[in-house]
Trainee: 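Dumping the structure here so I can ask a few things about it.
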Amino acid sequence: MKALVSHRQKATLVNIKPPEIAKSDDVKLHVNCAGLCKTDIWAATGIIKTKNNYPLGHEFCGTVIELGDAVTDVTLGQRIAVNPIIPCGTCEDCLRGLTHLCSNTKMLGIDSPGAFAEFIVVPRNLCYTIPSSLSPELVAYSEPVAAALSIRSCNLSPNLRIGIVGSDRISALTEYILNTLKIELVNASQKEPVDVLIVTSTDHNNKNNAKPERTTASLLNLVKAGGTLVLKGRSPYLWALDVKQVVTKRLTLKGINYAPFSQAIEFLYEHKEGLIPFLGQHFSLVDYEKAFRCSDDKKVFLDLSVA
């Protein structure tokens with residue numbers, strides 16, 4: 001099968017052996033389409049470490065084509081959304097059933113074979129059956145939605161002045177989710193600092209995956225004394241944190257990661273019309289270089305059905 005893999009710090013299109021069912025709870029999927037995000041590009045270019053010759057990609061929609069012997073609640077031909085974040089299963093949060101809070105996760109396309117391939121095998125517990133009323137693009141968009149929905153864990157109030165830093169797609173999606181909660185964002189500045197500043201990326205104009213120019217020192221100037229800095233972006237670039245400013249301004253730092261994947265599926269159903277404008281161009285797998293260079297502010301997709 002054709003697959004887009006990370007090899008020597010670059011993306012390479014290769015032919016590899018299709019994956020096979022290995023465990024009784026495995027599900028084999030034909031990948032319909034897969035979303036492209038910065039994580040995939042960072043993994044392809046070696047900024048994020050991944051295993052050579054593993055297919056990249058973690059945002060996707062698939063159709064069931066084969067089942068392990070123990071899988072009885074999924075049928076052939078069903079459309080599937082897959083949670084690409086694999087919890088450890090042994091930490092305190094996992095044992096409490098809060099697997100979305102696991103801090104020892106692995107990810108498809110990074111730690112195990114991903115979805116930039118014609119076929120993929122995943123455990124049943126990562127699969128969510130989806131009716132045909134949701135398009136493959138929306139199904140593939142479920143992972144970004146789960147990531148952005150984590151903002152709801154902050155329990156933000158419309159009475160607060162809330163700003164956001166970031167020009168990336170997750171920033172726009174986070175703003176959309178806040179709008180569904182009747183929360184309108186305001187512009188944050190040193191003259192008019194906010195109660196809560198949400199950071200999805202550190203450079204307003206970071207279109208080429210360059211190292212961010214904005215520092216935490218300048219970010220902290222945008223937050224009122226006693227305010228909160230919410231860190232949503234997962235840039236691999238390290239920040240130098242001005243601890244003195246955090247202490248003297250009595251700031252709260254809050255990191256947010258994922259909401260439960262089931263909530264993302266529910267949100268897709270409830271807001272599918274509102275989410276359509278976030279979906280952008282499609283490229284065939286052989287045109288992956290064009291997809292990687294695409295500067296569209298909308299989600300870009302690779303079509304595996306026309307690989």
Side-chain angles (χ1 to χ4, degrees), residues 1-7 14-35 37 39-40 43 48-132 134 136 139-140 142-143 146-147 257-265 285 302 304-305 307:
M1 69 173 183
K2 287 186 173 65
L4 187 63
V5 305
S6 173
H7 183 70
V14 298
N15 283 304
I16 61 175
K17 184 180 179 180
E20 297 180 354
I21 296 285
K23 298 179 180 179
S24 61
D25 65 339
D26 278 347
V27 177
K28 186 173 181 178
L29 305 171
H30 174 255
V31 180
N32 305 126
C33 74
C37 82
T39 298
D40 304 314
I48 292 178
K49 291 184 178 180
T50 184
K51 295 186 178 180
N52 276 339
N53 302 319
Y54 267 4
L56 300 161
H58 60 279
E59 305 172 7
F60 66 103
C61 172
T63 300
V64 179
I65 60 171
E66 191 178 346
L67 297 168
D69 293 338
V71 182
T72 59
D73 57 347
V74 175
T75 59
L76 297 180
Q78 277 192 308
R79 182 173 288 174
I80 297 291
V82 176
N83 181 359
I85 310 303
I86 307 169
C88 71
T90 59
C91 69
E92 183 177 345
D93 286 320
C94 284
L95 294 176
R96 292 167 56 205
L98 303 175
T99 54
H100 65 289
L101 299 180
C102 177
S103 58
N104 303 307
T105 58
K106 295 184 177 181
M107 178 182 278
L108 298 180
I110 302 293
D111 307 292
S112 60
F116 289 170
E118 295 177 75
F119 306 101
I120 187 172
V121 172
V122 295
R124 167 65 183 93
N125 69 323
L126 299 181
C127 298
Y128 294 76
T129 56
I130 304 291
S132 57
L134 285 181
V139 176
S142 53
E143 190 273 348
N257 196 12
Y258 280 96
F261 207 76
S262 58
Q263 290 184 13
I265 301 300
L285 190 60
L302 292 173
L304 282 300
S305 58

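From a predicted model like this one, the values you see are computed outputs, not experimental measurements. The figures here come from the full heavy-atom set of this structure, side chains too, leaving out hydrogens, waters and symmetry mates.
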Trainee: Drop me the distance from S112's OG to I120's CD1, to the nearest 0.5 angstrom.
Mentor: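 Nearest 0.5 Å value for the OG-CD1 distance: 7.0 Å.
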Trainee: Of all the heavy-atom pairs spanning V82 and C127, show the shortest one and how long it is.
Mentor: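 Scanning both residues completely, I find the closest heavy atoms to be CG2-SG, 4.5 Å.
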Trainee: Nearest heavy-atom pair of T39 and M107: which atoms, and what distance?
Mentor: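 Closest heavy-atom pair between T39 and M107: CG2-SD, 4.2 Å.
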Trainee: Taking C-beta and beyond as the side chain, do R79 and C61 meet within less than 4.5 Å on heavy atoms?
Mentor: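 They are in side-chain contact.
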Trainee: Side-chain contact, heavy-atom cut-off 4.5 Å: L304 with F60?
Mentor: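 No, too far: nothing below the 4.5 Å cut-off.
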Trainee: Using a 4.5 Å cut-off on heavy atoms from C-beta on, say whether the side chain of D40 contacts that of H58.
Mentor: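 Side chain of H58 against side chain of D40, heavy atoms only: contact under 4.5 Å found.
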Trainee: The test is side-chain contact (heavy atoms from CB on, under 4.5 Å); show your working for L29 and V64 and say whether it passes.
Mentor: CA-CA 5 Å; L29 305 171; V64 179; 3.7 Å; yes
Trainee: What is the distance from atom CD of E118 to atom CD1 of I65, rounded to the nearest 0.5 Å?
Mentor: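 E118 atom CD to I65 atom CD1 measures 10.0 Å (nearest 0.5 Å).
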Trainee: Taking the side chain as everything from C-beta on, heavy atoms only, tell me whether T105 gets closer than 4.5 Å to I86.
Mentor: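 In short, these two side chains do not touch, never coming nearer than 4.5 Å.
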Trainee: Rounded at 0.5 Å granularity, tell me how far CD in E143 sits from CD1 in I85.
Mentor: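 One gets 5.5 Å once the value is rounded to the nearest 0.5 Å.
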Trainee: Measure across F261 and A146 and return the closest heavy-atom pair with its distance rounded to 0.1 Å.
Mentor: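 Heavy-atom minimum between the residues: CD1-CB, 3.9 Å.
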Trainee: With rounding to the nearest 0.5 angstrom, report the OG to CG distance, S103 to N257.
Mentor: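 Interatomic distance, S103 OG to N257 CG, rounded to 0.5 Å: 9.0 Å.
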Trainee: For a 4.5 angstrom cut-off between non-hydrogen side-chain atoms, does S142 reach I265?
Mentor: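 SC-SC contact between S142 and I265 confirmed.
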Trainee: Where do A34 and A115 come nearest, in terms of heavy atoms and distance?
Mentor: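 In this case the closest contact between A34 and A115 is CB-O, 4.1 Å.
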Trainee: Are the side chains of H7 and V14 in touch, meaning some heavy atoms are under 4.5 Å apart?
Mentor: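 SC-SC contact between H7 and V14 ruled out.
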Trainee: For residues N15 and M1, determine if any side-chain heavy atom of one lies less than 4.5 Å from a side-chain heavy atom of the other.
Mentor: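 No, too far: nothing below the 4.5 Å cut-off.
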Trainee: Quick one: does any side-chain atom of Q78 pair with a main-chain N or O of T75 as donor and acceptor, under 3.5 Å?
Mentor: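 Judged by distance alone, yes, a pair lies under 3.5 Å.
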Trainee: What heavy-atom pair brings A3 and A117 nearest, and what distance separates the two atoms?
Mentor: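 Closest pair (atom of A3, atom of A117, distance): CB-CB, 3.7 Å.
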Trainee: So, using salt bridge (charged side-chain N to carboxylate O under 4.0 Å, His left out) as the criterion, who are the partners of D93 when residues are at least two apart?
Mentor: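 Residues passing salt bridge (charged side-chain N to carboxylate O under 4.0 Å, His left out) with D93: R96.
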Trainee: When rounded to the nearest 0.5 angstrom, what is the spacing between CG in N83 and CG in L126?
Mentor: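 It is 6.0 Å, given to the nearest 0.5 Å.
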Trainee: Could I get the full list of salt bridge (charged side-chain N to carboxylate O under 4.0 Å, His left out) partners for R124, not counting sequence neighbours?
Mentor: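 By the salt bridge (charged side-chain N to carboxylate O under 4.0 Å, His left out) rule, R124 matches D73.
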Trainee: Side chains of I80 and I130: closer than 4.5 Å at any heavy-atom pair?
Mentor: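 A side-chain contact under 4.5 Å is absent here.
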Trainee: Would you confirm whether K28, through its side chain, and P19, through its main-chain N or O, come within 3.5 Å as a donor-acceptor pair?
Mentor: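 Here the side-chain-to-backbone pair exists.
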Trainee: How far apart are the closest heavy atoms of A43 and T50, and which atoms are they?
Mentor: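 Of all heavy-atom pairs spanning A43 and T50, the closest is O-CG2, 3.6 Å.
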Trainee: Going from CD1 on I16 to CZ on F119, what distance comes out if it is rounded to the nearest 0.5 angstrom?
Mentor: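 So the CD1 of I16 and the CZ of F119 are separated by 11.0 Å.
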